[in-house]
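Taking it in order: structure first as structure tokens, then the write-up.
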Amino acid sequence: MLILGIETSCDETAAAVVEDGRLIRSNIVATQYAIHRPYGGIVPELASREHLRNIVPVVREALREAGVTFREIDAVAVTRGPGLIGALLVGICYAKSVAYALARPLLGVNHHEGHIFSVVFENPPVRYPALALVVSGGDTSLFWMPEPERYHLLGHTRDDAAGEAFDKVAKLLGLGYPGGPVIDRLAKRGNPRAVRFTIPRTSENDFDFSFSGLKTAVARYVRERGLRPVREGEDVPDVILDLLASFQDTVVRTLIQRLSRALEAYEAHTLILTGGVACNSRLREEAFRLGREANIPVYVPSPPLTTDNAAMIAAAAYPKLQRGERSGWALTAEPGLRLHQVDARSGRHALRGRG
Ligand code: KG4
């Protein structure tokens, strides 16, 4: 089955052709970094306009690279949420038009489920139960997956997503957008123990995350030390390198602490780490270390598959389309769409240790 995947939930216009849910025939991503960089973050209206400009050439390129025509496509999968409403609508309207014109099935996919499915391309099949941490610019959520396509939300961020914290700290220090890759690179030159930030605590749920306090602590440190944003082309001073390394270290320790608690409480056979922040070199290292200690495999997609892309959307759609699931023509954008359900069948989870 050849699926055309389309993803426009945020600031990437993406299209991919995926064969039988696992073989990537093409995976095209047009980023909008240059458009949003002057603002230090995504401007939703600009994102929608860019998607409108990009969607046709990006899909054409995906078909060309896959060596297929529209007629050879068996189904169309598109992100239906969560994301920016205007941005999502561009992809959805386009996907509907293609599916309608070709008389092919259409399926709307949850963006976070797409991120979790991005591990299918480069790894052996996931062994369940699994734990999945989706850590991106828009979300930080930890899921318990007793079986494929069942998601029980263990914890999520109470405020900023981890990627958002990276982006805001970078903006504060004049380091550009997106902040994650820049901080990752610069943090390698700093001392992660230089500034002592505390790991944010979330009293009601041990698995929840919170990053806005850390972002405020960085802003306070910058103010108290009288630091100013780095100008373009200027060398980054040691004091800022140390600050970045310490900030990154705290984000990574927070994520790893929650993962480690979850591994103690739940008997997982695979650990999945995905979303844009999963590109972070320190986080990847620490996640692999955790996996070795717990003696379970850790699946982290390579960077082009862990950031937003459409191959993951096609992959998530595959088993559902095979079962005959379809979206109607009333399919629309769901900016706040969630991905979780309590395990209704068994009503409980494979708990170990902590009840
Ligand atoms: O998954 P993604 O492409 O888009 C969303 O769905 O949000 O994630 C983008 C986020 C941005 O916040 C970006 O700063 C962050 O991922 N990111 C990173 C790294 N590469 C991208 N954060 C930390 N370290 C990185 N190397």
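First listed ligand is number 1; within each ligand, the first listed atom is number 1. These numbers were taken from a predicted model, which means no experiment stands behind them.
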>> Looking at R193 and D249, is any side-chain nitrogen of the basic one under 4.0 Å from a carboxylate oxygen of the acidic one?
In response: yes
> Under 4.0 Å from any heavy atom of T307, which atoms of ligand 1 are there?
Replying inline: 3 (O)
> Side chain or backbone of D184 under 4.0 Å from ligand 1, or both, or neither, by non-hydrogen atoms?
Replying inline: side chain
> Would R284 count as a cation-pi partner of F288, with NZ or CZ less than 6.0 Å from the six-membered ring centre and within 45° of the ring normal?
Replying inline: no
>> What protein heavy atom lies closest to atom 6 (O) of ligand 1? Include the residue and the distance to one decimal.
In response: D308 OD1, 3.0 Å
> So do the side chains of F209 and V135 get within less than 4.5 Å of each other, counting heavy atoms only?
Replying inline: no
>> Quick check: do I256 and L283 have side-chain heavy atoms less than 4.5 Å from each other?
In response: yes
>> Quick test of your reading of the model: are E149 and R323 salt-bridged, counting only N-O distances below 4.0 Å?
In response: yes
> What residue and heavy atom of the protein are closest to atom 18 (C) of ligand 1, and at what distance?
Replying inline: G180 CA, 3.4 Å
>> Among all the protein's non-hydrogen atoms, which is closest to atom 9 (C) of ligand 1, and how far away is it?
In response: G137 N, 3.8 Å
> Which ligand 1 atoms, with their elements, are less than 4.0 angstrom from a heavy-atom of G163?
Replying inline: 12 (O)
> Who's the nearest protein heavy-atom neighbour of atom 21 (C) of ligand 1, and how far?
Replying inline: G276 O, 3.4 Å
> In terms of atom number and element, which parts of ligand 1 are under 4.0 angstrom from non-hydrogen atoms of G138?
Replying inline: 7 (O)
>> So, applying side-chain contact (heavy atoms from CB on, under 4.5 Å) with F143, which one of L133, V134, L131 is it?
In response: V134
